Amino acid sequence: FFFQAEDGIRDHCVTGVQTCALPICRLNAGPAIYDVTHAPVPPAASEPVVVTARVADPDGVKGVTLSYRVDTVANSLTTIPMKDDGTGGDEFAGDGVYSATIPGQTAGRMIAFVVNASDNAATSASASFPADPRTGECLYRVGETVITGNFGTYRLWATEIGRAHV
């Protein structure tokens, strides 16, 4: 059983009876997606980029996909499977780290991507990283100059969609 108390108001979520009175109470949450990275940083022009993400769920992971787009006016989305079988950019099979490769792009292009995963529960649940892709995406820019030195390099990027909402 799961009980939640908020501001003195008690409510509950009973898993055996499928009762859920609070909108934040979930019988099955989607997989945890974390340690999301891409390499190389930054990619050179025409260099493929491998995106990796660690994905876990107590019900098992049914599938993981990578949705990406080149940040242009058209913004068409491409979705490809992420693998945990030691192929297609994935280093080790069965380690919970899923990988997919975004093809090389021309210099100056901004690439936005989101990782999506679903679980093996009878009533499957899904999750995304970032959690709400409508308001956030992972970004990288192709062909950026690598700055060397003793200090870290930080870059602030905005997509065309993001700039339209500022």
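These numbers were taken from a predicted model, which means no experiment stands behind them.
- Although no hydrogens or angles enter the test, the distance criterion places a donor-acceptor pair under 3.5 Å between the side chain of D84 and the main chain of G96.
- Among all heavy-atom pairs drawn from S99 and V50, the shortest one is CB-CG1, 4.2 Å.
- Looking at heavy atoms from C-beta onward, I147 lies in side-chain contact with R155 at the 4.5 angstrom threshold.
- Scanning all heavy atoms of the two residues, the minimum distance from D90 to D85 falls at OD2-N, 3.2 Å.
- Taking 4.5 Å as the limit, some side-chain heavy atom of I102 sits within range of a side-chain heavy atom of I111.
- Nearest heavy-atom pair, M82 versus A53, reported as atom, atom and distance to 0.1 Å: CE-N, 4.1 Å.
- Heavy atoms only, all atoms of each residue included: A117 and V64 are closest at CB-CG2, 4.0 Å.
- Residues W157 and D71 form no side-chain contact, since every pair of their non-hydrogen atoms from C-beta on lies 4.5 Å or further apart.
- Using a 4.5 Å heavy-atom threshold, the side chains of V97 and R54 count as touching.
- Put simply, CZ on R141 and CD on Q105 are 13.0 Å apart, with the number rounded to the nearest 0.5 Å.
- The side-chain heavy atoms of F129 and C138, taken from C-beta on, include a pair separated by under 4.5 Å.
- Annotation: F92, atom CZ; neighbour count of heavy atoms from other residues, nucleotides and ligands within 6.0 Å does not exceed 12.
- Checked by atom type and distance alone, the side chain of D119 pairs as donor or acceptor with a backbone atom of A125 at under 3.5 Å.
- Put simply, the side chain of I80 reaches to within 4.5 Å of the side chain of Y68, judged on heavy atoms.
- By the criterion of side-chain heavy atoms lying less than 4.5 angstrom apart, applied directly or through intervening Ile, Leu, Val, Met, Phe, Trp or Tyr residues, L66 is grouped together with V70 in one hydrophobic cluster.
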Only pairs under 3.5 Å count here: list side-chain donor-acceptor contacts from residues 35-48, not counting sequence neighbours, and write none if there are none.
unit_1 : atom_1 : unit_2 : atom_2 : d
T37    : OG1    : T52    : OG1    : 2.6
E47    : OE1    : A44    : N      : 2.8

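- For the residue pair N120 and D59, the shortest heavy atom distance occurs at CB-O, 3.0 Å.
- Between A127 and I33, the closest heavy-atom pair is O-CD1, 3.6 Å.
- Within the 4.5 Å cutoff, the side chain of L139 has heavy atoms near those of the T159 side chain.
- Between the side chain of E91 and the backbone N or O of G89 there is no donor-acceptor pair closer than 3.5 Å.
- Side chains of S126 and N116 form no contact here, defined as non-hydrogen atoms less than 4.5 Å apart.
- A donor-acceptor contact shorter than 3.5 Å is absent between the side chain of N28 and the backbone of A121.
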